There are 2 protein chains.
Amino acid sequence: MTADDHIVFIVDDDGRIREALGELLESHGMRAIAFESACDYVRADKPDVPACLILDIELPDINGLDLQKQIADRDHPPIVFITGHGDIPSSVRAIKHGAVDFLTKPFSDADLMAAIHAAIAEDREKRSQRAELDMLRQHYLDLTPREREVLPLVVSGLLNKQAAAELGISEVTLQIHRRNVMQKMAAASLADLVRIAERLEIPITHSRRVGGN
Amino acid sequence: MTADDHIVFIVDDDGRIREALGELLESHGMRAIAFESACDYVRADKPDVPACLILDIELPDINGLDLQKQIADRDHPPIVFITGHGDIPSSVRAIKHGAVDFLTKPFSDADLMAAIHAAIAEDREKRSQRAELDMLRQHYLDLTPREREVLPLVVSGLLNKQAAAELGISEVTLQIHRRNVMQKMAAASLADLVRIAERLEIPITHSRRVGGN
DNA sequence: GCGCAATGCATGGGTTTCCATGAGTTGCGG
DNA sequence: CCGCAACTCATGGAAACCCATGCATTGCGC
């Protein structure tokens, strides 16, 4: 419960720091892997568990902030920056881009551990969110092209009749597509389907007029 | 279009700074009001337009970061911090709590103006979001107690019959409540109502079982 | 006490949805 | 060329939903 369900990555070019951090983390029962450079970190294949990246700003190959930016879109763990010569603009940029904390050496063990715990908790939450979303996206991929046209019409609140007219097909056929969509998306009800579509950011194409019914 | 649809508040105890900032903003065609202390700012009644608060960290009555915390829950404009003696922990805390930027004197006019424009744009967006939400909340207040019980059941995807059973009333009565809810919430369709309930954070009480139908 | 809002129920009729059965066309890959 | 997936459509019955009319009870404020 304390060593296998999370991991801490350390990227620092100073071997003594890597060692000290590794020992600190071990003494708190946490698993850690240290890298000497950003390149090593990026290339390594990392276990797929809630994690945290302790990142030094001054690295031999690339600036820590630039690394943050590079891996921003991808699927990366929250970052805790540490630095010997930090400046305010860097810290502002780091936090704005989502870093959990920005610590200047020397920092207290307590501060670092607090940041790490916050980061791992954040990653845990983020992962669970993403897992759910991935499942929905997987279901969406199961839809046929036609079903993908039907979905937005249905969650827009159109009647089957109206949606069918929109696609130029018969109401019967649309009902079949609609039914398949519900099944493939594992939606228990229309309300459910609407919420699922919301999370998949399916755009509302037409909204039914109130008086139009 | 450039002076009346936004305003910049300045809180700084240094009269020269206030004057300089006021002139800078005026030269950019922006309206500004300056205050000498946090107390003055809080007490003043401020125009209800997209705004931005330029806040000095070192104030006579209260620390700028504490002021940020105090007005955090309330309805306050985005903050751009400026300071003569900033430190990294302060900047981290400020940005974490939502500040737009954290500038140390001396800073360039361009940096400040960029931050201000970003802040006002942010506020504009936030206000438009809140305006919509307020309207929905107003509609929600129009609902009777019973209608407020019906809403979550309906958006959970329950059949009228099931929701009625849940409340121990007849299906007919529930249909009437349901209809009133739709009308009062200005929902054009069930899909619409689900999205509205989502934004109002109406919890899902029961979810219909797939096979149950 | 009277009016009014909120809540409750019934009946009836029209519309929509849900589901199953059955079946035809098209296009692609083995 | 055969099978299969995708798309199409019809019919028909059961269930659910929408709506209007009409009415009873309760509790609160004027």
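So that the names make sense, note that chain A is the first sequence line, chain B the second, and so on, each numbered from 1. In this text the structure is predicted, and so the values were computed from the model without any measurement.
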K.L.:
Give a yes/no answer on whether the side chain of Lys161(B) brings an N or O atom under 4.0 Å of OP1 or OP2 in dA16(D).
P.N.:
yes
K.L.:
How many whole angstroms separate atom CZ of Arg179(B) from atom C1' of dA20(D)?
P.N.:
8 Å
K.L.:
Is any side-chain nitrogen or oxygen of Thr173(A) closer than 4.0 Å to OP1 or OP2 of dC9(D)?
P.N.:
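Yes, Thr173(A) has a side-chain N/O under 4.0 Å of OP1/OP2 on dC9(D).
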K.L.:
Rounded to whole angstrom units, what separation is found between the CZ atom of Arg146(A) and the C1' atom of dT8(D)?
P.N.:
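Rounded to whole Å, this separation is 9 Å.
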K.L.:
Judged by each residue's nearest nucleotide on DNA chain C, which is more toward the 5′ side, Val172(A) or Asn160(A)?
P.N.:
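On the 5' side of the pair lies Asn160(A).
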K.L.:
Let me know the distance between CG of Leu143(B) and C1' of dT7(C), rounded to the nearest Å.
P.N.:
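Taking atom C1' of dT7(C) as the reference, CG of Leu143(B) is at 15 Å.
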K.L.:
By the 4.0 Å heavy-atom rule, please label Ser170(A) as base, sugar-phosphate, or nothing.
P.N.:
sugar-phosphate
K.L.:
Closer than 3.5 angstrom, by distance alone: can the side chain of Arg148(A) be matched with the main-chain N or O of Leu143(A) as a donor-acceptor pair?
P.N.:
yes
K.L.:
Could you state the CD1-P distance from Ile169(A) to dT8(D), rounded to the nearest angstrom?
P.N.:
5 Å
K.L.:
Within less than 4.0 Å of OP1 or OP2 of dA5(D), is there a side-chain N or O belonging to Thr144(A)?
P.N.:
no
K.L.:
Please report, rounded to the nearest Å, how far the P atom of dC17(D) is from the CG atom of Leu190(B).
P.N.:
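So the two atoms are 10 Å apart, to the nearest Å.
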K.L.:
Report the distance from atom CD1 of Ile176(B) to atom C1' of dG8(C), rounded to the nearest whole Å.
P.N.:
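About 8 Å, once rounded to whole Å.
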K.L.:
Starting at CG of Leu159(B) and ending at C1' of dC18(C), how long is that distance when rounded to a whole Å?
P.N.:
11 Å
K.L.:
Please determine if a side-chain N or O atom of His177(B) lies less than 4.0 Å away from the OP1 or OP2 oxygen of dG8(C).
P.N.:
yes
K.L.:
Ignoring hydrogens, what is the shortest heavy-atom contact between Phe102(A) and Thr83(A)? Give both atom names and the distance.
P.N.:
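Heavy-atom minimum between the residues: CE2-CG2, 3.7 Å.
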K.L.:
Report yes if the side chains of Thr173(A) and Arg146(A) come closer than 4.5 Å at any heavy-atom pair, otherwise no.
P.N.:
no
K.L.:
With side chain to side chain contact (heavy atoms under 4.5 Å, CB included) as the test, pick out the partner of Arg178(A) among Leu190(A), Leu151(A), Leu153(A).
P.N.:
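With Arg178(A) as partner, side chain to side chain contact (heavy atoms under 4.5 Å, CB included) holds for just one option, Leu190(A).
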K.L.:
Apply salt bridge (Lys or Arg N to Asp or Glu O under 4.0 Å) to residues Glu132(B) and Arg199(B) and explain how you reach the verdict.
P.N.:
CA-CA 10 Å; Glu132(B) 281 183 52; Arg199(B) 295 190 58 180; 3.1 Å; yes
K.L.:
Name the closest nucleotide to the Glu171(B) side chain, picking from dC7(D), dC19(C), dC17(D).
P.N.:
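Nucleotide nearest to Glu171(B)'s side chain: dC17(D).
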K.L.:
If I take atom CZ in residue Arg178(A) and atom C1' in nucleotide dT8(D), what distance separates them, rounded to the nearest angstrom?
P.N.:
19 Å
